[in-house]
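Small disclaimer: the values here were computed from a predicted structure and weren't measured.
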Amino acid sequence: AGLEQLLMLAAPLVHLGLIQSNRGDIDGAMELLEKALKIDQHNLDVRNNYGTILSTQSKFEEAIPHFLFVLKRDPAHVQARINLSQAYEEAGLYSEAMTEYRTLDKTITHNKGYIYYRMARVHSQQKKFSECEDYLEMALKDGFDVLKLITSDNGFIHFRETQAYRRFLD
């Protein structure tokens, strides 16, 4: 029973780490999640949340293996796949990001608008503006309000300078 009780300590450490992260105490969050990892390095929630906090610090090369670890053990873990997709995208690994976003598109059955928005964002960064516009339309049709987001999201900075953007706004 000793090991089982020890493994149960990982969950509260993750919870406390997320509270610290939400308060802006990234160092405190990292410390708590590192303790949780030492207790249970196979815990998928620990791995996913640790990767997320690394991503918030733009440490994508460190974060990606944690998301891959989770997905190797649980390919249906949607949040880890979203996190992996975003980490790939933010790291400039657009092909890998699109592969993961396509997997999400096939996996999830509702609220796909956010995924289409992220796919549009990748296309914008690759200056594939026609594809960007198509995915923004898909996101809108799915009920995801992209109009406010694209005006301030730096992932769309080049798209905002195009005819496709003006067409999209009409």
Side-chain angles (χ1 to χ4, degrees), residues 14 17-30 33 44-45 47-72 75-170:
V14 170
L18 293 176
I19 291 171
Q20 294 298 94
S21 175
N22 289 336
R23 289 183 178 159
D25 180 6
I26 299 301
D27 292 337
M30 291 294 290
L33 285 164
L44 302 186
D45 285 335
R47 290 291 191 125
N48 186 49
N49 285 298
Y50 190 65
T52 300
I53 291 175
L54 288 167
S55 286
T56 63
Q57 300 172 75
S58 300
K59 295 180 178 176
F60 305 113
E61 290 79 20
E62 292 177 50
I64 288 168
H66 291 282
F67 302 134
L68 290 171
F69 179 94
V70 173
L71 291 168
K72 185 173 184 179
H77 197 296
V78 172
Q79 193 56 55
R81 192 161 309 275
I82 289 170
N83 293 339
L84 176 63
S85 305
Q86 291 172 338
Y88 278 147
E89 180 184 341
E90 296 298 332
L93 301 169
Y94 299 129
S95 174
E96 292 85 345
M98 287 303 288
T99 297
E100 296 305 325
Y101 286 134
R102 284 189 195 99
T103 299
L104 282 162
D105 186 26
K106 291 177 197 154
T107 305
I108 60 177
T109 56
H110 57 285
N111 298 330
K112 293 183 177 197
Y114 178 73
I115 302 306
Y116 298 144
Y117 171 75
R118 295 303 297 211
M119 292 170 94
R121 193 175 188 276
V122 170
H123 286 305
S124 174
Q125 292 173 88
Q126 293 178 304
K127 299 184 178 179
K128 296 178 179 176
F129 301 123
S130 176
E131 293 91 335
C132 174
E133 185 181 9
D134 292 343
Y135 277 102
L136 286 172
E137 290 289 347
M138 291 168 65
L140 271 178
K141 282 182 186 145
D142 198 65
F144 191 77
D145 185 8
V146 300
L147 296 171
K148 289 180 195 138
L149 293 172
I150 62 173
T151 59
S152 60
D153 184 334
N154 284 337
F156 291 94
I157 196 163
H158 301 295
F159 180 66
R160 289 194 295 266
E161 300 166 355
T162 67
Q163 289 286 17
Y165 176 65
R166 286 183 277 293
R167 230 184 4 255
F168 178 72
L169 293 178
D170 289 340

For residues 75-82, run the donor-acceptor check on the side chains, cut-off 3.5 Å, and write out each pair with its distance to 0.1 Å, sequence neighbours left out.
{"residue": "His77", "atom": "ND1", "partner": "Ala80", "partner atom": "N", "Å": "3.1"}
{"residue": "Gln79", "atom": "NE2", "partner": "Asn83", "partner atom": "OD1", "Å": "3.1"}
{"residue": "Arg81", "atom": "NH1", "partner": "Glu100", "partner atom": "OE1", "Å": "2.5"}
{"residue": "Arg81", "atom": "NH2", "partner": "Pro75", "partner atom": "O", "Å": "3.0"}

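- His110 places none of its side-chain heavy atoms less than 4.5 Å from the side chain of Asp142.
- For Tyr88, there are no ring-ring contact (aromatic ring centres under 6.0 Å, His included) partners two or more places apart in sequence or in a different chain.
- Sorted by first and then second residue, the salt bridge (Lys or Arg N to Asp or Glu O under 4.0 Å) pairs involving residues 106-116 (not counting sequence neighbours) are Asp105-Lys112.
- With hydrogens and angles ignored, the 3.5 Å screen pairs a side-chain donor or acceptor of Thr52 with a backbone N or O of Asn48.
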Which donor-acceptor pairs under 3.5 Å do the side chains of residues 127-139 make with protein atoms, sequence neighbours left out?
{"residue": "Glu133", "atom": "OE1", "partner": "Arg167", "partner atom": "NH2", "Å": "2.8"}
{"residue": "Glu133", "atom": "OE2", "partner": "Arg167", "partner atom": "NE", "Å": "3.3"}

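- Minimum interatomic distance between Leu93 and Ile64 (heavy atoms only, all atoms of both residues): CD1-CD1, 4.3 Å.
- Annotation: side chain of Arg102 is in contact with side chain of Met119 (closest heavy-atom distance under 4.5 Å).
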Subject >> Test side-chain contact (heavy atoms from CB on, under 4.5 Å) applied to Gln57 and Ile53, step by step >> reply: CA-CA 7 Å; Gln57 300 172 75; Ile53 291 175; 3.8 Å; yes

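- Atom-to-atom distance recorded for Thr99:OG1 and Leu104:CG is 11.0 Å, nearest 0.5 angstrom.
- Taking the side-chain contact (heavy atoms from CB on, under 4.5 Å) definition, one finds that Ser58 meets it with Phe60, sequence neighbours left out.
- Considering every non-hydrogen atom in both Ser55 and Ala63, the closest pair reads OG-CB, 3.4 Å.
- Looking at residues two or more places apart in sequence or on another chain, you find a side-chain contact (heavy atoms from CB on, under 4.5 Å) between Arg166 and Gln163.
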Subject >> Check against side-chain contact (heavy atoms from CB on, under 4.5 Å), Phe168 and Leu147 >> reply: CA-CA 9 Å; Phe168 178 72; Leu147 296 171; 3.6 Å; yes

Could you pull out all donor-acceptor pairs under 3.5 Å where a side-chain atom in residues 149-160 meets a protein atom, sequence neighbours excluded?
{"residue": "Thr151", "atom": "OG1", "partner": "Lys148", "partner atom": "O", "Å": "2.7"}
{"residue": "Asp153", "atom": "OD1", "partner": "Arg121", "partner atom": "NE", "Å": "3.0"}
{"residue": "Asp153", "atom": "OD1", "partner": "Arg121", "partner atom": "NH2", "Å": "3.1"}
{"residue": "Asp153", "atom": "OD1", "partner": "Gly155", "partner atom": "N", "Å": "2.7"}
{"residue": "Asp153", "atom": "OD2", "partner": "Tyr117", "partner atom": "OH", "Å": "2.5"}
{"residue": "Asp153", "atom": "OD2", "partner": "Arg121", "partner atom": "NE", "Å": "3.0"}
{"residue": "Arg160", "atom": "NH1", "partner": "Ile150", "partner atom": "O", "Å": "2.6"}
{"residue": "Arg160", "atom": "NH1", "partner": "Asp153", "partner atom": "O", "Å": "2.8"}

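- The side chain to side chain donor-acceptor pair (under 3.5 Å) check on Gln125 picks up Glu89, Tyr94, with sequence neighbours excluded.
- For the salt bridge (Lys or Arg N to Asp or Glu O under 4.0 Å) condition, no pair includes a residue of residues 53-66, sequence neighbours left out.
- One distance of note links CD1 of Ile108 with OG1 of Thr103; it measures 11.0 Å at 0.5 Å rounding.
- Relative to the ring axis of Phe69, Arg47 places its NZ or CZ within 45° and under 6.0 Å from the centre.
- Take Tyr114 and apply the ring-ring contact (aromatic ring centres under 6.0 Å, His included) test, not counting sequence neighbours, and it matches Phe144.
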